[in-house]
Number of protein chains: 2
Amino acid sequence: MDDPTPEPSSGPSRRRGAVLEEAILRAAVEELTESGYAGLSMDRVARRAGTNKNAIYRRWPSRAALGVAAYRRLAEVELRPPDTGELRGDVLALLRQINCDLSSSRSDILRGLLAGVGDDPELLTQLREQINQGGAGVWLTVLGRAVARGEVRPEALHPRVATVAVTLLRNEYVTQGITSVTDGVLVEIVDEVYLPLVRARGSTAG
Amino acid sequence: MDDPTPEPSSGPSRRRGAVLEEAILRAAVEELTESGYAGLSMDRVARRAGTNKNAIYRRWPSRAALGVAAYRRLAEVELRPPDTGELRGDVLALLRQINCDLSSSRSDILRGLLAGVGDDPELLTQLREQINQGGAGVWLTVLGRAVARGEVRPEALHPRVATVAVTLLRNEYVTQGITSVTDGVLVEIVDEVYLPLVRARGSTAG
DNA sequence: TTTCTTAAGGTACTCGAAGTACCCTAATAG
DNA sequence: CTATTAGGGTACTTCGAGTACCTTAAGAAA
C-alpha cells in the first residue's frame with residue numbers, strides 16, 4: 001500500500017539513469033491507462049515509481065511531455081499488412097486490428113493529450129505521428145497487391161485514397177464515440193465506401 | 001483596463017437574469033477565442049463580464065459546461081446547400097465554406113473542449129453535435145440533386161457516403177494541423193476521392 | 001410606500017496540482 | 001579515497017476550480 005516496488009531489504013539501493021527512467025515511464029503508462037491524462041499527476045507518477053518529482057522534471061520538462069512520452073510507449077503497435085488474397089479480406093482485417101487498438105480507451109487518452117499539449121509544436125507533431133498509425137504505407141501495400149491482381153484501378157494507389165477507410169473509422173471515434181463502432185460499421189465502411197471507391201472505373205469525365 | 005463595461009455613472013445598477021447571462025456568455029466567448037479553452041478561467045470570465053464567479057456557477061455547474069455553452073454560441077453557423085448546377089461545384093463550395101469555418105482557430109478550441117469535458121456524457125454529446133456541422137442533411141440534399149441530374153449513382157445517397165468529403169477534411173485538421181489545409185487539398189479530396197466514389201458504376205462483384 | 005424574496009456583489013476560503021529550490025546522501029568515475 | 005553526479009526528501013510558490021457566507025440591490029406583492 002505504501003511501498004510500490006522498492007528493493008525491500010537491500011538497504012538503501014538507489015536506482016539511476018536508464019533504470020529509473022524506465023520505472024518512471026512505466027509508472028506514467030500505468031497512471032495514464034488507469035486515470036487518463038486528466039488524472040496523470042506528477043506526484044502520483046513519482047510515488048508510483050518510488051521516486052519524486054525532481055527525477056521526473058530532470059528528464060521531461062512538463063506534464064504534457066511526460067504524457068506524450070508515456071503515450072508513445074503505450075501505443076507502440078506494429079501494423080503488419082495482412083494478405084488474405086482478396087482486398088476485402090485485407091481491408092477488413094486491417095480495420096479490425098486498428099479498431100481493436102482504438103477501442104481500448106486509448107482514444108480518450110489521446111483526446112486528453114491533444115488538448116493538454118496545447119501549443120507546443122514539438123509535442124503536437126509527435127502525437128500526430130502516433131495518430132497516423134504508420135501512415136499510408138500499410139494501405140498502399142495492401143492496395144498495391146490488389147492492383148496487381150486487377151481488383152483495383154491503378155489510380156487508386158494514392159495516399160489519400162488508400163487511407164480513406166481508416167480515416168472514416170477514426171472519424172467514428174471523434175463524432176460518435178466508442179460505443180457505436182461495431183463490426184457492422186467496419187463492414188459498411190468497406191462495402192459502401194472503400195471498395196466502390198478503389199474499384200470505380202470509367203466516368204472520369206468532368 | 002480595470003472597468004470592462006459596467007454602467008459608469010448610473011450608480012449601483014445591477015444586471016440580473018437573462019441580461020447578466022448574456023454578458024457572461026459573451027465574455028466567455030471572447031476569452032475562448034482569445035485564449036482557447038486552456039485559458040478560460042472562471043475568474044477572468046467573471047471579471048470580463050463585470051461580475052463574479054458566483055453568478056457563473058449559479059448558471060453553469062462547471063468550467064467545462066460554460067466552455068461548451070460558449071463554444072456553441074461561437075460555432076453557430078448555418079450551412080446552406082449551394083446549387084451551382086453541377087456536383088463538383090456544389091461540393092467544393094461546401095468544403096470551402098466549412099474549411100473557412102474550421103480554420104479560425106476554432107479547431108484548437110474544440111480540441112481543448114473535447115478533452116476538458118472529460119467523461120461528462122451530456123457535454124460530450126453536445127460537442128459531438130457541433131462537430132457534425134448539421135449532419136448529413138446538407139450533403140444528401142446536394143447529392144440528391146446530382147442523382148436527379150444523372151451525375152451520381154442512386155446508391156450513393158447514403159449518409160456515410162455522402163459525408164465522406166467533409167470527413168476527410170476534418171481528418172486533415174486532426175492529423176496535419178491547420179497549416180496544410182490549402183484549397184489544393186480540398187480539390188484533391190473532391191477529384192481523387194469524392195467524385196470517383198459517388199460516380200462509381202458497376203463492379204459490385206465480390 | 002413598505003416589505004419580502006430573490007439574486008447579484010464581494011471576499012475569503014479550501015483543495016489539488018504544476019513547477020521550483022535546496023539540502024542531504026548514495027552511486028559511480030577517476 | 002575522493003570528487004562529481006544524480007536521486008531522495010521536503011517544503012515552498014503559484015494558480016485556478018469550486019464553495020461558503022454575508023451584504024446589498026432589484027423587483028414583486030401587499
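Just so it is clear, the structure is predicted and the values come from calculations on it, not from any experiment. Heavy-atom basis, side chains included; hydrogens, waters and symmetry copies ignored. Residue numbers start from 1 in every chain, and the chains themselves are labelled A, B, ... in the order their sequence lines are given, proteins ahead of strands.
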Q: Nearest whole angstrom, please: distance from the C1' of C:dG16 to the CZ of B:Arg63.
A: 14 Å

Q: Are B:Glu172 and A:Arg160 close enough that some pair of their side-chain heavy atoms sits under 4.5 Å apart?
A: yes

Q: With a cut-off of under 6.0 Å to the ring centre and 45° to the axis, is A:Arg63 in cation-pi contact with A:Tyr37?
A: yes

Q: Can you tell me the distance, in whole Å, between the CG atom of B:Asp43 and the C1' atom of D:dC15?
A: 10 Å

Q: Rounded off to whole Å, could you give me the CG-to-P distance for the B:Asn52 and D:dA25 pair?
A: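 Going from B:Asn52 (CG) to D:dA25 (P), I get 15 Å.
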
Q: Using whole Å, report how far NZ of B:Lys53 lies from C1' of C:dT14.
A: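 Spelled out: NZ on B:Lys53 to C1' on C:dT14 is 11 Å.
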
Q: Closer than 4.0 Å, any side-chain N/O of A:Arg59 to the OP1 or OP2 of D:dG7?
A: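 For D:dG7, OP1 or OP2 has a side-chain N or O of A:Arg59 closer than 4.0 Å.
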
Q: Does a side-chain N or O from A:Arg58 land closer than 4.0 Å to OP1 or OP2 of D:dA6, or not?
A: no

Q: Which pair of heavy atoms, one from B:Leu186 and one from B:Arg96, lies closest together, and at what distance?
A: CD1-CG, 3.7 Å

Q: Salt-bridge test for A:Arg48 and A:Glu34: reply yes if a basic N is under 4.0 Å from a carboxylate O, no otherwise.
A: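 Salt bridge between A:Arg48 and A:Glu34, a charged N being under 4.0 Å from a carboxylate O: yes.
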
Q: Can you tell me which nucleotide in C:dA17, C:dG9, D:dG8 comes closest to the side chain of B:Arg15?
A: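 The nucleotide sitting nearest to the side chain is C:dG9.
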
Q: For B:Leu40 and D:dC15, what is the distance between atoms CG and P respectively, to the nearest whole Å?
A: 18 Å

Q: Output the rounded distance in Å from OH (B:Tyr57) to C1' (D:dA20).
A: 14 Å

Q: Give B:Ile24 one of three labels, base, sugar-phosphate or nothing, depending on what nucleic acid heavy atoms sit under 4.0 Å from its own.
A: nothing

Q: What integer distance in Å separates B:Leu66:CG from D:dG16:C1'?
A: 14 Å

Q: Check the distance between C:dA18's C1' and A:Trp60's CH2 and give it to me in whole angstrom.
A: 17 Å

Q: Would you say a side-chain N or O of B:Arg47 is under 4.0 Å from OP1 or OP2 of C:dG9?
A: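 Indeed not, no polar side-chain atom of B:Arg47 lies that close.
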
Q: Please lay out, stage by stage, how B:Glu86 and B:Glu151 fare under the test side-chain contact (heavy atoms from CB on, under 4.5 Å).
A: CA-CA 8 Å; B:Glu86 193 208 19; B:Glu151 268 193 277; 4.0 Å; yes

Q: Between B:Met42 and A:Leu20, which is nearer to the 5' end of DNA chain D once each is assigned its nearest nucleotide?
A: A:Leu20

Q: Counting any heavy atom closer than 4.0 Å, what does B:Ile56 reach on the DNA or RNA strands: base, sugar-phosphate only, or nothing?
A: nothing

